[in-house]
Amino acid sequence: MNKDTTSPTTLSTSAPAMTKEAPAFEPVHSNRWAQMINDWLVVPKALYFMLNFVIYSTHAFLMQYVMQAWSFQKNDFSWTYAAYVFNILGAFVFSRLADRTGNYRLILGGSVAAYCACISMLLFPIPATYPFVVRMGYYLFLNGAGSFFTAGTFPLVDSMVMSQLAANPKLSKELFGRQRLWGTFGHSLVGLIVHALAEHFGGGEDDPNFNVMFYVLIVSSLIFIAIVFFGIPRDLKITAHSHGHHGAHAKQETSPVAGPKPSAFTLLVSPSFSFFLLTVFVAGFIRCIITTYQSGFITEELHYAHGLVTSSIFVRVVPESLLYFFSKEVTQYCGIYWVLLIGHAAGVIRMFGYTMIVPGEPPVNKKVIVPTFAVRMAIYALECLKGANSSLVISSAARIASDMAPKGLASTAQGYVAGVWQGVSMGIAAAVGYFLVSFFKTNFKGFEIGQTFRVCSFVGAVCIVLIFVKFAFIDRVLLTRPSATKA
């Protein structure tokens, strides 16, 4: 093992070498099957699978449901995503609470239960006879509350899994992606299930019943809560492990912390961590603009059938899973900051690529048509870039946040990343998207979303250049030999 040195962008300090005690999140079992479950890391995989199943059960077709059931217009829909700005608040509150109390089971289970309750209330829309402000205000309240409660779920699971991987000398934090990839399976599978059920209980492809996605949400939430309370030990201890820049283990107990509690602002006042969060925000902004409008763009402006949205989600599982699985090898070859930058670039290319697809021309009596083979393959290729974007950005950002986290702030660091990636970026993307779609409606009627994609992809490309300059010539983290970033 190489001599340990301190990374210029790492806030945590070295600690004594790891002692021979039971690793975090891995209780000792005499039962052979239970031990096998621990050895194969079944609980982390199940948590990621079902958590994605819960979160994305209402994701793919929410725009169509809201436009039908809540009588909102295309440009109004972006405001519904503004509620996700509460994500940063929830991520901070729940991750900080976990760092202070160590009660991960109650926080995770309670958060998902509250999220399910809030989002399920969308089944009961306010009639269109009520003023728009009342209807939108109620919708934003439910969506905002749901976003607040679910914000801490991913950073808490990330923190637990990262701790388990780092605590075991046979494992490494670079294997984090192989646990996260199971969330990709859940994300893809729930989209297919919801689409099939919506057509079965509705009027087929022309009139799907999207109410079924809320029942899928309820069932999957109950399963996730069961995994939390039966799979996570009561005496869970989270430890922050800094591998250093060359792989030496150092252990710091972070949950709960004895003595003076570290300030949550310790991370925010660090220039390197703040710029890292800014990088995550820009990548998240590009992702969220597409997330907000993708299904509407495909069906409303390109005039292709709903099934293309679902099948494209399923297609991206292949590259996303492969990159998650081989994230250790990719990181060792490229370096962790290159992985983050490449993932960001994949999102920008994907957004611009959508603007190059030729719209279909449906018959007078039909709103959408079946896409040609060329169009289908083009969208599948772009969704493969989505798989690369998600896997590369998430796996690298979680690892960088873990390495930067000082003692007592392991979950808080993950909370900041999740809040920026899923919350702040979504809220700002909603406001910017609303403005741009409304602005382009005058001169680009019928292609206002496509023009919004063009403008945002250009902004994203400029940001990539600026981030590259900062990482390469100021921080010089892109010039470090990849072998020196191994953990």
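Just so we're clear, the structure is a prediction, and the values are computed from it rather than from any experiment. For reference, positions follow the sequence shown, starting with 1.
- Side chain to side chain, Q294 and Y354 meet the donor-acceptor criterion of an N or O pair below 3.5 Å.
- Counting heavy atoms from C-beta on, the side chains of V393 and W421 come closer than 4.5 Å.
- Looking at heavy atoms from C-beta onward, Y139 lies in side-chain contact with F72 at the 4.5 angstrom threshold.
- Within 6.0 Å of CE in M356 there are 12 or fewer heavy atoms belonging to other residues, nucleotides or ligands.
- Between A345 and I464, the shortest heavy-atom distance links the atoms CA-CD1, 3.4 Å.
- Atom CD1 in I467 sits 4.0 Å away from atom OG1 in T279 (nearest 0.5 Å).
- A salt bridge does not link E320 with K386: none of the charged nitrogens is closer than 4.0 Å to a carboxylate oxygen.
- No donor-acceptor pair under 3.5 Å is formed between the side chain of S457 and the backbone N or O of M351.
- The backbone N or O of L392 lies less than 3.5 Å from a partner atom in the side chain of S396, making a donor-acceptor pair.
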(Q) The test is side-chain contact (heavy atoms from CB on, under 4.5 Å); show your working for S321 and W182 and say whether it passes. (A) CA-CA 8 Å; S321 300; W182 287 85; over 6 Å; no

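- Of the listed residues (L217, V54, T150), just one forms a side chain to side chain contact (heavy atoms under 4.5 Å, CB included) with C116, and that residue is L217.
- Taking both residues in full, the closest heavy atoms of S272 and S270 are given as OG-OG, 3.1 Å, listed atom of the first, atom of the second, then distance.
- Y333 places none of its side-chain heavy atoms less than 4.5 Å from the side chain of W338.
- In this structure, F352 has its ring center no closer than 6.0 Å to that of F453.
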Q. What's the verdict on side-chain contact (heavy atoms from CB on, under 4.5 Å) for R316 and H187, showing C-alpha distance, side-chain angles and the deciding distance?
A. CA-CA 10 Å; R316 71 172 178 245; H187 183 184; 2.9 Å; yes

Q: Verify side-chain contact (heavy atoms from CB on, under 4.5 Å) between T184 and Y48, making sure each step is shown before the conclusion.
A: CA-CA 8 Å; T184 301; Y48 280 126; over 6 Å; no

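- Taking both residues in full, the closest heavy atoms of V282 and C463 are given as CG1-CB, 3.6 Å, listed atom of the first, atom of the second, then distance.
- A distance of 11.5 Å separates CG in L108 from CD1 in I227, rounded to the nearest 0.5 Å.
- Ring-centre distance between F49 and F185: not below the 6.0 Å cut-off.
- For the 3.5 Å distance criterion, the side chains of S411 and S95 fail to qualify, holding no donor opposite an acceptor.
- Around atom CZ of F447, more than 12 heavy atoms belonging to other residues, nucleotides or ligands sit under 6.0 Å away.
- No side-chain heavy atom of L47 sits less than 4.5 Å from a side-chain heavy atom of Q179.
- Separating the CZ atom in R376 from the CD1 atom in I357 is a distance of 12.0 Å, to the nearest 0.5 Å.
- Atom-to-atom distance recorded for L478:CG and L341:CG is 6.0 Å, nearest 0.5 angstrom.
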Q. Should V216 and F53 be marked as a side-chain contact (heavy atoms from CB on, under 4.5 Å) after you check the CA-CA gap, both sets of side-chain angles, and the distance that decides it?
A. CA-CA 9 Å; V216 174; F53 213 94; 3.9 Å; yes

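- Residues I107 and T101 form a side-chain contact, since some pair of their non-hydrogen atoms from C-beta on lies under 4.5 Å apart.
- The environment of F439 atom CZ is sparse: at most 12 non-hydrogen atoms of other residues, nucleotides or ligands sit within 6.0 angstrom.
- Using a cut-off of 4.0 Å between Lys/Arg side-chain N and Asp/Glu carboxylate O, E329 and R178 are scored as salt-bridged.
- Rounding to the nearest 0.5 Å gives a distance of 14.0 Å between CZ of F94 and CG of D99.
- A heavy-atom distance below 4.5 Å is not found between the side chains of S295 and L62.
- No donor-acceptor pair under 3.5 Å is formed between the side chain of E448 and the backbone N or O of L436.
- If you take CD1 on I449 and OG1 on T355, they are separated by 13.0 Å, rounding to the nearest 0.5 Å.
- Across V358 and Y304, no two heavy atoms sit closer than the pair O-OH, 2.9 Å.
- When all heavy atoms are compared, the tightest approach of V280 to A397 is CG2-CB, 4.2 Å.
- Residues C288 and T292 come closest through the heavy atom pair O-OG1, 2.7 Å.
- In this structure, D158 and F176 have side chains that are in contact, with non-hydrogen atoms separated by less than 4.5 Å.
- For R180 and Y324, the positive end is not near the middle of the six-membered ring at less than 6.0 Å and at most 45° from its axis.
- The shortest distance between side-chain heavy atoms of T291 and M426 falls below 4.5 Å.
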